[in-house]
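Shown next, in structure tokens, is the structure this report addresses.
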Amino acid sequence: MEIKRVTGTLSVSPQISVADITEIAAAGFRSIVCNRPDGEGADQPTFDEIQDKARSLGLEVRYLPVVAGKVRDEDAAEFKVAMAELPKPTLAYCRTGTRSVTLWALSQGASMPVPDILAAAKAAGYDMGGVARRIANGGKTPVDVADAEHDIVIIGGGAAGISVASSLIARDGELDIAIIDPADTHYYQPGWTMVGSGIFDAHTTARTMGSLIPRGVHWIKSAVAAFEPENDAVILDGCRVVKYKRLIVCPGLKLDWHAIEGLDETLGKNGVTSNYRYDLAPYTWRLVQGMKSGRAVFTQPPMPIKCAGAPQKAMYLSADHWLRTGCLDDIDVQFFNAGGALFGVQDYVPALMNYVERYHAGLNFHHNLKAVDGHARKAWFNVARPGEEPETVETEFEMIHVVPPQAAPDFIRVSPLADSAGWVDVDQATLRHKRYQNVWSLGDVMNAPNAKTAAAARKQAPVVAENVIADIKGTGSQAQYDGYGSCPLTVERGKIVLAEFGYGGKLLPSFPEWLIDGTKPSRLAWFLKERALPPIYWKAMLRGKEWMAVPEKVTVSDKTAA
């Protein structure tokens, strides 16, 4: 924890942990302000966790969440009110402290000279130059003057963003490319299911972002506030402006933990866990190891979500451990799915049902998790079966693995790039934006009807790279994405049902059936998941090596004729 003094009554810091609060209280702080929305980062404790600990130590707490890069005038006014009401001194925090300092700087514009505000922020280690322009212009940032300009700007440094940057560099090493992402750490999220079953260590799924950005690509370590596609501009945190000739949008998804009542208060304790968060996946494994009897509940929210098979993977691997250790007969395994089917592609369901029966797991369809009470070990589900009256059902649990509802990030949903549902609106074959011809999107945030998996991004990155290069050169060929996605369904330790499919549920196997029949459990598929896929991810996909991912191309005239 690094606390930075801004004034005599206000200090700021990057994200704090629950364990840090004892030190904060000991340092004399009397109140804490959280400016970071829950669910923004995979390794982020919830506000309720922070609040519970702070209150136990006598500190007052205020939740004033601000979407990264989107500090509104109203947010600054609320911050000013909070600073007037809370006991001093106060510690405010967000991901890096920048939002907290920005709120303070904007709230002081009417009472302090701008140079004094900038000087105080600079002394604390924060550059508020962009905010000075906003204050001087009444909160409106001119987009005709850019702080930076690049040929290609990529939003997001996850699997999709780094992969497409590497694919572009592999095609033209002279391109001027920038990646915009505020995160310090890049996660191999497909590995978290294996962390939650004791197969991978969590630290093997994380690397520093700086070590993965391709050489020659600029890294703008900031959050996006808004898009101005009519002006070929991206507005960043602090109101800085980055202009582009071509834009690629791939920031990933937002996990909405708040959508489930009571969940924030009990995540990571009381038997409540999730493999969808880096810091909680190890807790899943501890719960599985320690459970000898009782009910184990596994949930799946409405689609779309990252890796549609992940919720049941957690169930299969947990039940397999209980079977191997002789505990399964004393454990009631229950799967609660908001949807109406075990898996969206029917060809894989028979193999999965064999394991459902092996583990004596109960299937509860059309059950959407509504609330959790960790202390009481109870959960409530909204049940909406077709043709029946909706109802709410209650279940007890000894352990519950929760998958939160998921959506596009707020700055995407409210942007001109989004469709009516909030997803980036693209042509599903070329992944080019339907309205803005110099914008493309890939990964989880775009609206093509495919599975949201890292394997999908691996196939999409070369398609986008090929089409961007074709656009630059003015050639007639266009690469086509067929909707490929892969979900290695870990049905037991040592075997996987390797689901590979494209648009419309069409099977798209990568290997001949005699080698791997994806509709049946396979030891070779397990070897791929455990041993081959991590190095393929780190050393091939993220470095622009397109093994088994070379895109199909058609000419524009052929496409038109078709």
Side-chain angles (χ1 to χ4, degrees), residues 14-15 36 39-44 67-69 94-96 98 148 150-170 175-192 205-225 227 234-238 240 242 244 246-255 277-278 306 408-412 415 417 424 431 439-446 452-458 460-462 464-465 468 534 536-545:
Q15 176 69 55
R36 190 182 191 192
E40 190 178 69
D43 52 355
Q44 172 190 354
V67 175
C94 55
R95 190 188 67 82
T96 64
T98 299
H150 299 279
D151 292 338
I152 300 172
V153 170
I154 299 170
I155 309 300
I162 291 181
S163 296
V164 75
S166 295
S167 288
L168 284 164
I169 291 294
L175 288 170
D176 175 19
I177 302 173
I179 290 178
I180 301 176
D181 196 303
D184 296 297
T185 307
H186 178 106
Y187 294 103
Y188 175 53
Q189 296 184 30
W192 291 350
T205 69
R207 295 192 182 179
T208 61
M209 185 71 77
S211 70
L212 299 173
I213 300 290
R215 180 171 297 183
V217 172
H218 303 273
W219 177 22
I220 301 175
K221 194 171 180 290
S222 184
V224 173
F227 296 94
V234 178
I235 312 302
L236 304 182
D237 196 1
R240 290 167 293 162
V242 177
Y244 57 82
R246 289 164 183 85
L247 178 69
I248 301 173
V249 184
C250 45
L253 295 185
K254 173 185 175 180
L255 305 185
R277 216 170 84 178
Y278 172 77
K306 290 192 283 188
D410 294 337
F411 71 90
I412 294 291
S415 78
L417 304 178
V424 180
L431 304 184
V439 178
W440 289 259
S441 183
L442 71 156
D444 297 342
V445 79
M446 53 87 168
K452 298 184 183 297
T453 67
R458 185 174 69 87
Q460 294 161 7
V464 171
V468 169
I536 287 174
Y537 180 84
W538 296 116
K539 298 179 181 181
M541 176 177 170
L542 298 187
R543 295 184 181 179
K545 301 182 188 303

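In this chain, residues are counted from 1 in sequence order. Every heavy atom of this structure was used, including side-chain atoms; hydrogens, water molecules and symmetry mates were not.
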Output for pair (Lys221 NZ, Ile213 CD1), nearest 0.5 Å, gives 11.0 Å

| said: Please check this pair: side chain of Arg543 against backbone of Ser166, looking for a donor-acceptor N/O pair closer than 3.5 Å. | reply: no

Does Ala457 offer a backbone N or O that forms a donor-acceptor pair with the side chain of Lys452 under 3.5 Å?
no

**Prompt:** Should Leu247 and Leu417 count as side-chain neighbours, where that means a heavy-atom distance under 4.5 Å?
**Reply:** yes

Of Ile248, Ile177, Leu431, the one forming a side-chain contact (heavy atoms from CB on, under 4.5 Å) with Val164 is Ile248

d(Leu212 CG, Ile162 CD1) to nearest 0.5 Å is 5.0 Å

Exercise. Using modelled atom types only, decide if a donor and an acceptor are shared between the side chain of Arg95 and the backbone of Pro182 within a distance under 3.5 Å.
Key: yes

Separation between OH (Tyr187) and CE (Met209), nearest 0.5 Å, reads 9.5 Å

**Prompt:** Given Val445 and Ile155, is the side chain to side chain contact (heavy atoms under 4.5 Å, CB included) satisfied, shown in steps?
**Reply:** CA-CA 11 Å; Val445 79; Ile155 309 300; over 6 Å; no

### Query
Does some side-chain heavy atom of Gln460 sit less than 4.5 Å from a side-chain heavy atom of Trp440?
no

Rounding to 0.5 Å, atoms OG (Ser163) and CD1 (Ile154) come to a distance of 10.0 Å

Inset, instruction - Output, in order, the C-alpha distance, side-chain angles, deciding distance and verdict of side chain to side chain contact (heavy atoms under 4.5 Å, CB included) for Lys306 and Leu255. - result: CA-CA 10 Å; Lys306 290 192 283 188; Leu255 305 185; 4.1 Å; yes

CD1 of Ile180 to OH of Tyr244, rounded to nearest 0.5 Å, is 10.0 Å

Rounded to the nearest 0.5 Å, the OH atom of Tyr188 sits from the CE atom of Met541 at a distance of 9.5 Å

Closest non-hydrogen contact found for Gly544 with Ala170 is O-CB, 4.3 Å

For Ala165 and Pro214 the tightest heavy-atom approach is CB-CG, 4.0 Å

Using the rule given for side chain to side chain contact (heavy atoms under 4.5 Å, CB included), can you reason through Arg458 versus Thr453, listing the C-alpha separation, both sets of side-chain angles and the distance that settles it, and then say yes or no?
CA-CA 9 Å; Arg458 185 174 69 87; Thr453 67; over 6 Å; no

When Val224, Val153, Val424 are each screened for side-chain contact (heavy atoms from CB on, under 4.5 Å) with Val249, the one that passes is Val424

